[in-house]
Amino acid sequence: MARKSSLPENVTRFKPCKCSRIRNDNGVYRVYKYSAVKLSSGQWSSNYGYLIGKIIPGEGFFPNKRYQKELAEQGTLSFPEGITDVAYGQYALLLSLTQDILEKLKTCFLPERAEQIYCYALILCANGFVHIDQVDDFYQESFLSVLYRNRSFKMGYTALSNLLHDLGLRGNPVRAFEQNLIDTCSKNVAIDGHVIRSCSAENDLAEPGYKLSLLKAPQVNVLIAYDIQNRIPLMYRTYRGSSVDKKSVEDLLLSRSFMNTKFMVDRGFFSRTVLKMMSENGNCYIIPLPTSDKNLKRIRETLQYTSGEFVYKSGRKDSARIIYYEEQIDEKTRILVYKDVDENNSKRKSYKQLMEAEESGYTQENYDKYCDWWGVYFLQTTAPDPASVIYSDYKGRWAIETYNNYIKNDADFNDLKIRDYYVQHGFDFIMLVTGLIHARLNEAVKGLKKSSISTFDILVKAGHMRMVLRDNEWQLHNT
């Protein structure tokens with residue numbers, strides 16, 4: 001006599017196949033693959049396989065994605081629920097500009113790992129900062145999911161967390177990639193610090209820093225090495241929020257090999273140890289003197305711009321008359337004091353206009369005190385170049401400030417909500433690759449020679465172009 005099922009009829013009648021078994025898990029009727037197994041004793045037993053879906057009483061059987069795929073492959077039944085409309089234009093544009101970046105990644109990482117890193121960075125470049133748990137939504141809705149549909153890598157939260165953790169924990173491929181960028185750069189390198197607000201109390205690097213009153217939260221400090229001639233980032237490194245740049249940069253310089261490099265840094269890096277490190281292995285530096293420096297105070301007392309003058313050109317139209325004083329303080333080190341005559345005159349004029357308008361704080365006393373020092377730069381250098389080149393190189397350092405503006409505003413790398421130490425360092429590398437991709441886009445937009453068009457405008461316009469699946473073929477839409 002057949003055993004009567006304890007399950008209700010409005011459930012059992014939806015059993016999908018003979019080789020399956022329904023299990024009641026507190027009112028949820030899950031369906032598993034089932035097979036009979038002969039034991040060593042000669043008796044028969046049952047063996048539950050993998051979950052294939054569930055049954056809702058009175059409604060039917062609902063297969064999970066794995067079983068849907070299995071049925072489709074068998075040709076038994078097809079469930080046409082896949083994505084049929086994806087974002088194409090912005091990704092196609094970035095892909096066309098940056099294929100060599102992917103190839104460079106493949107020289108340091110396994111091919112699929114390189115493609116996963118590349119996809120992550122493409123999504124951040126096209127959309128701005130996206131939290132880890134949201135990246136897969138952008139990936140699935142983009143042409144990238146079609147292009148890499150046969151790859152085994154995933155873009156979900158767990159997969160990307162593991163990716164970032166591995167990048168931070170197993171640093172040799174990252175180090176090799178960054179070292180290659182350093183070795184092939186223009187050798188004019190700016191280093192600067194950038195503060196990122198941290199919204200995670202569990203982040204080992206997040207600490208109250210000097211911007212606590214502004215950020216209203218702990219911070220992490222990021223140092224960036226930047227090629228100011230080629231306008232590309234070379235490496236990122238995150239440090240504790242309470243660390244000072246002059247100490248953190250010691251670790252950055254030791255972590256990679258810099259040779260025959262000219263460093264352009266701000267006065268926050270001025271320390272005997274840092275300057276010594278920046279003068280080894282054929283390297284040299286240009287740095288503003290801090291106001292407390294004894295040489296600056298001594299030179300100010302009797303300063304006369306007797307060493308010469310030149311015209312500095314910052315573009316096709318902009319130029320300035322520069323006069324300067326030069327002094328050798330030891331065998332390798334010089335101090336150069338520059339005065340931008342045009343900038344000085346412009347600021348004098350503006351200040352007097354504000355005095356005449358009786359703006360608060362603008363007085364004759366302050367004018368007399370500061371007017372001679374507007375547009376004046378005290379620089380210390382171990383570079384052997386002429387004074388005009390030193391000045392031009394230092395002014396070129398402004399490129400990293402522009403890049404920092406991109407990080408803060410366009411890329412929006414703020415409020416990262418990263419807790420794990422290794423994940424934080426792994427994300428350093430993702431920010432680097434994102435920056436490399438953005439640099440290519442920025443270069444292409446500048447090539448249009450239309451100042452009214454920004455990279456953001458280009459991405460928005462390109463984003464109108466879609467890819468639509470019709471009759472099993474992907475076709476362009478909104479071209």
Side-chain angles (χ1 to χ4, degrees), residues 182 185-193 223 225-229 244-247 249-250 252-254 257-314 319-344 370 372-401:
I182 292 168
C185 76
S186 70
K187 302 301 181 180
N188 275 25
V189 175
I191 299 177
D192 198 18
L223 284 186
Y226 187 82
D227 183 341
I228 62 174
Q229 285 191 6
V244 294
D245 288 345
K246 67 177 65 175
K247 295 300 295 182
V249 76
E250 294 178 19
L252 183 140
L253 292 171
L254 288 171
S257 175
F258 291 91
M259 300 185 68
N260 302 315
T261 300
K262 186 188 296 181
F263 294 104
M264 271 65 70
V265 294
D266 65 31
R267 60 173 55 89
F269 295 95
F270 198 98
S271 81
R272 182 175 299 178
T273 302
V274 172
L275 298 185
K276 182 176 182 295
M277 295 175 71
M278 288 185 175
S279 299
E280 297 171 344
N281 301 318
N283 299 324
C284 57
Y285 65 81
I286 303 172
I287 188 170
L289 287 173
T291 55
S292 60
D293 184 80
K294 62 180 182 181
N295 285 319
L296 181 147
K297 292 179 178 179
R298 173 181 57 80
I299 292 172
R300 278 182 63 131
E301 292 179 358
T302 58
L303 178 60
Q304 298 290 326
Y305 301 96
T306 56
S307 299
E309 65 176 82
F310 58 89
V311 174
Y312 168 68
K313 294 184 178 181
S314 57
S319 63
R321 175 173 170 256
I322 310 297
I323 56 178
Y324 69 94
Y325 166 79
E326 181 175 348
E327 180 180 307
Q328 195 85 26
I329 59 174
D330 63 34
E331 185 179 349
K332 293 184 177 180
T333 310
R334 292 178 292 162
I335 291 177
L336 296 109
V337 186
Y338 300 92
K339 184 173 184 177
D340 184 329
V341 177
D342 297 318
E343 181 182 350
N344 183 271
Y370 298 114
D372 288 336
W373 305 107
W374 291 326
V376 175
Y377 305 88
F378 286 77
L379 303 181
Q380 181 171 305
T381 183
T382 52
D385 306 293
S388 58
V389 174
I390 299 295
Y391 185 80
S392 179
D393 285 342
Y394 176 72
K395 282 291 188 176
R397 182 192 165 279
W398 186 253
I400 196 172
E401 300 293 348

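Everything numeric here is computed off the predicted structure, so don't read it as measured data.
Using a 4.0 Å cut-off between charged nitrogen and carboxylate oxygen, E301 and R298 do not count as a salt-bridge pair.
To the nearest 0.5 Å, atoms OG1 (T382) and CG (N283) are separated by 8.5 Å. Distance check: W374 CH2 to D340 CG gives 14.0 Å after rounding to the nearest 0.5 Å. Taken from CE in M259 to CG in N281, the straight-line distance is 5.5 Å, to the nearest 0.5 Å.
Contact annotation: the side chain of M277 never approaches that of V249 to less than 4.5 Å [non-hydrogen atoms, C-beta and beyond]. Between V265 and M278, the closest side-chain pair of non-hydrogen atoms falls below 4.5 Å. I191 places a side-chain heavy atom less than 4.5 Å from the side chain of L253.
Residues satisfying the side-chain contact (heavy atoms from CB on, under 4.5 Å) test with D330, not counting sequence neighbours, are K332, T333. When the side-chain contact (heavy atoms from CB on, under 4.5 Å) test is applied to D293, the partners found at least two apart in sequence or on another chain are F270, L289, P290, N295, L296. D227 meets the side chain to side chain donor-acceptor pair (under 3.5 Å) test with S186, N230; sequence neighbours excluded. Evaluation of the side-chain contact (heavy atoms from CB on, under 4.5 Å) rule for A387 yields Y324, E326, L336, Y338 as partners, not counting sequence neighbours.
The minimum heavy-atom distance linking N344 with W373 is given by the pair ND2-N, 4.5 Å. What you find for A190 and I228 is that their closest heavy atoms are CB-CG2, 3.5 Å. The two residues D342 and S319 come nearest to each other via the heavy atoms OD2-O, 4.0 Å. Contact detail for D245 and G268: the closest heavy-atom pair is CB-O, 4.4 Å. Closest heavy-atom contact between F269 and G193: CZ-N, 4.3 Å.
Residue pairs meeting the side-chain hydrogen bond (donor to acceptor under 3.5 Å, both in side chains) criterion with at least one partner in residues 267-279, sequence neighbours excluded, are K276-E280.
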Worked check of side-chain contact (heavy atoms from CB on, under 4.5 Å) between M264 and I400: CA-CA 10 Å; M264 271 65 70; I400 196 172; over 6 Å; no
CA sep, side-chain torsions, deciding dist, call: K339, Y325, side-chain contact (heavy atoms from CB on, under 4.5 Å): CA-CA 9 Å; K339 184 173 184 177; Y325 166 79; over 6 Å; no
Side-chain donor/acceptor pairs under 3.5 Å, residues 388-397, sequence neighbours excluded:
residue: D393; atom: OD1; partner: N188; partner atom: ND2; Å: 3.4
residue: D393; atom: OD2; partner: K262; partner atom: NZ; Å: 2.5
residue: K395; atom: NZ; partner: Y377; partner atom: OH; Å: 3.0
residue: R397; atom: NH1; partner: E401; partner atom: OE2; Å: 3.1
residue: R397; atom: NH2; partner: D266; partner atom: OD2; Å: 3.4
residue: R397; atom: NH2; partner: E401; partner atom: OE2; Å: 3.2

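The main-chain N or O of K187 is never found under 3.5 Å from a side-chain atom of T261 such that the two would form a donor-acceptor pair. Looking at R334, its side chain never comes within 3.5 Å of a backbone N or O of L379 through a donor-acceptor pair.
Taking a 6.0 Å sphere around CD of Q304, one finds it holds 12 or fewer heavy atoms contributed by other residues, nucleotides or ligands.
Less than 6.0 angstrom separates the ring centroid of F263 from the ring centroid of F258.
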